[in-house]
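Since this is a predicted model, take the numbers as computed values, not measurements. All chains are named by letter (A, B, ...) in the order of the sequence lines, taking the proteins before the strands, and each is independently numbered beginning at 1.
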Amino acid sequence: MIDLKALRDNPERFAQGAQKKNYSVDIDALLSLDERKRALQSEQESMRAEQKKLSKESGPKLGQLMGKLKNAEGEERAAIEAEVQSIKSAPAQLKEKIAELDEQINAIEPELRAILLSIPLPPDDDVPVGKTSDDNVEISRWAPEGWDYGKSFEQNKGFKARSHMELCEMHGLVDFPRGVKLAGSRSYILCGDGMRLHNAILRFAIDTMVNSHGFTPMSVPVLVREEAMVGTGFFPGGKDQAYEVNESTRGGGSDMYLTGTGEVGLMGLHQDEILDESEFPKKYVTVSTCFRREAGAAGKDTAGLYRIHQFDKVEQVIIDVADETKSRAHHKTMIGIVEDLLKSLGLPHRLLQCCTGDLGVKNADMVDIECWMPSRGEVDADGTPSGEFGETHSASRLYDFQCRRLNMRYREGGESGKGATTFCHSLNNTVAASPRILIPILEMYQNEDGSVTIPEALRPYMNGDTQIG
RNA sequence: GGAGAGGUGGCAGAGCGGUUGAAUGCGCUGGAUUCGAAAUCCAGUAUGGCCUCCGGGUCAUCGGGGGUUCGAAUCCCCCCCUCUCCGCCA
């Protein structure tokens, strides 16, 4: 959520930000609703103040009168009763008017909130302006010794690549038909060495985060309330991408949502809290199953492990003070961690600076990391794919957009009483998402006979095995 | 799933229809005392919105939402959550 005050001060900045991100939002409508609401509110407040004053006076007065009434007779009694009546009826008009204003304010509220939630965080000035992911800008690329991006897979390795689907079938690593039978399209079953490799990468990723980078490992809910989805910025915009569990229709309980990323659980953790600055930066890592409906992706990446409804992901999150310099530094750190991880796995990859059009509502800046996947890309005359980078990681810098929605603050100058509360800054990045990451692992580590060498870094998690098949 | 008890400030805990944004204790901050510290004493100590002549003013908030009332932390209804006992269970 953006800061409404900041919007009032500088609506142009948010209008331009939305435009750069390709979002159409009615800022003028928001401002006029806001202005109207504030006018109504202050009118109502002065009436409430009056009402409060009256009732503060009438309390003791009524007490006295009721006391007198006990001993009063005849005319005196009637007089007292009349006074009691007049005291009681005095605020009636106020009450009516207040209720009326209340109604008007309540009528404005939902629309105001809906627009406010939909206004994106303006991208940083150094983010390249662009419309779609085609306008993203490559920052750098890396490849292990022996891999030349200028050459085809065959030229590099001396044999034609098999796709990860072929390799999975060959070694019985993934059962697609039974996955579909069990759970519908975009479903799969990891089997035997496929499951072992999947587990190995997740364990390697989380161990690296905990042992080498000091992140605190967490296990968080993947089935959460709507507030957590709204708070983390996924709703209302991404509501059609989440699976919904309609508990309310079963009588009692509230509807829940399956999270598409561990970020929701990690960030939702401190919702509505005032955090202790001395504990900053908070660095969390989780491994969680992620659920995505992939609505609107029909026909896209239908085969294989690339775009699926359910997967497991190790996710990192950093929460710190509201300081742009620190946020930027954390962003670099989190990206660096992934680069090191991919290097230790020997996977060719590149860093991609996402353009404004590719950022989404909540990001001021986003860097994607893509691994080289030989089975993707254009297919030539004899059916050989060119190979292409495929997204495996995404590092977001959000400033206070998310924490504002989550109402997650800290007290400046530390502890106790003193200092204003400020919304925290948050960042997140993938560490490893599997089985998608199995695509480059299997395809890049395949040998001519179809066997797959296990990357050295994963062998400790594979009982020392060096090869599949 | 059944039965019961609860949710009040950073924490503990009172209040159960009126001047209560809320006693008291602990914690925390500042000051006094002290060579210094402990102890003691004094003062301060919630969050958010709106307005502001920047002195402050004002409203909301006692789990959340409705209602009763001139007036609700206090009474009523719905929801959420926690705890205890029983049942079931990885």
Side-chain angles (χ1 to χ4, degrees), chain A residues 1-9 30-67 69 80-99 101-110 112-113 116 219 221 223-231 245-257 268-279 400 403-424:
Chain A
M1 183 158 57
I2 56 131
D3 183 358
L4 190 52
K5 269 190 220 152
L7 179 87
R8 277 185 217 134
D9 291 345
L30 177 64
L31 286 173
S32 81
L33 283 172
D34 171 53
E35 203 182 317
R36 195 165 138 65
K37 188 190 154 194
R38 277 184 296 149
L40 290 168
Q41 223 165 27
S42 80
E43 194 183 342
Q44 190 190 39
E45 268 174 24
S46 60
M47 286 181 185
R48 281 229 166 97
E50 176 70 18
Q51 187 187 39
K52 213 169 174 179
K53 208 175 94 198
L54 282 175
S55 78
K56 266 187 186 165
E57 288 166 4
S58 62
K61 227 189 256 175
L62 282 172
Q64 270 181 3
L65 289 172
M66 296 314 260
L69 201 60
I80 293 170
E81 274 173 351
E83 201 178 342
V84 167
Q85 265 319 307
S86 87
I87 290 173
K88 283 192 176 176
S89 61
Q93 255 187 321
L94 275 177
K95 200 185 164 190
E96 210 171 285
K97 186 74 188 159
I98 287 170
L101 287 168
D102 219 31
E103 226 166 88
Q104 290 181 46
I105 292 169
N106 286 341
I108 293 175
E109 193 67 52
L112 184 87
R113 191 178 151 74
L116 184 60
S219 175
L223 186 62
V224 302
R225 292 172 186 285
E226 186 167 7
E227 294 91 275
M229 297 300 279
V230 174
V245 178
N246 296 109
E247 274 300 289
S248 65
T249 58
R250 304 179 59 180
S254 50
D255 290 342
M256 308 281 272
Y257 298 87
L269 188 69
H270 292 299
Q271 181 158 13
D272 292 321
E273 288 184 33
I274 297 176
L275 299 171
D276 186 346
E277 199 182 341
S278 68
E279 289 168 19
D400 64 357
C403 295
R404 192 176 281 280
R405 287 191 179 216
L406 285 164
N407 189 26
M408 192 162 139
R409 293 165 293 168
Y410 67 98
R411 204 178 286 286
E412 268 173 50
E415 280 303 278
S416 72
K418 307 276 150 93
T421 58
T422 308
F423 292 108
C424 311

Atom pair CG/OG1 of Asn407(A) and Thr421(A) - distance to nearest 0.5 Å: 8.5 Å
Nearest to the side chain of [X], which nucleotide is it out of [options]?
| X | options | answer |
| --- | --- | --- |
| Thr421(A) | rU69(B), rG48(B), rA60(B) | rG48(B) |
| Ser42(A) | rC70(B), rU47(B), rC50(B) | rC50(B) |
| Gln51(A) | rG71(B), rG48(B), rC59(B) | rG71(B) |

For a quick check, tell me whether the side chain of Glu45(A) and the base of rG49(B) share a donor-acceptor pair closer than 3.5 Å. yes
Taking the side chain as C-beta and beyond, is there a heavy-atom pair between Leu30(A) and Leu112(A) under 4.5 Å? yes
Arg225(A) vs Met256(A) side-chain heavy atoms within contact, under 4.5 Å: yes
[atom1]-based separation of [M] from [N] [nearest Å]:
| N | M | atom1 | value |
| --- | --- | --- | --- |
| rG15(B) | rC62(B) | C1' | 11 Å |
| rA23(B) | rG9(B) | P | 12 Å |
| rC79(B) | rG56(B) | P | 46 Å |
| rU74(B) | rG21(B) | C1' | 15 Å |

Would you mind telling me which residue lines up with the more 5' stretch of RNA chain B, Arg38(A) or Ala49(A), judged by nearest nucleotide? Arg38(A)
Judged by each residue's nearest nucleotide on RNA chain B, which is more toward the 5′ side, Ser46(A) or Arg8(A)? Arg8(A)
Using a cut-off of 4.0 Å on non-hydrogen atoms, how would the nucleic acid contact of Lys5(A) be classed: base, sugar-phosphate, or nothing? sugar-phosphate
Contact class for Arg404(A) (heavy atom, under 4.0 Å): base, sugar-phosphate, or nothing? nothing
Counting only side-chain N and O atoms of Arg225(A), is one of them less than 4.0 Å from OP1 or OP2 of rC81(B)? yes
Any Lys52(A) side-chain N or O less than 4.0 Å from OP1/OP2 of rA60(B): yes
Classify the glycosidic conformation of rG55(B) as syn or anti, calling it syn when the angle lies within 90° of 0. syn
Write out the stems for RNA chain B, ordered by first number and formatted as range with range, counting runs of at least 3 consecutive Watson-Crick or G-U wobble pairs under 3.5 Å. B:1-7 with B:80-86, B:10-12 with B:24-26, B:27-32 with B:40-45, B:46-51 with B:56-61, B:63-67 with B:75-79
Distance in angstrom units between Met408(A) CE and rG48(B) P, rounded: 16 Å
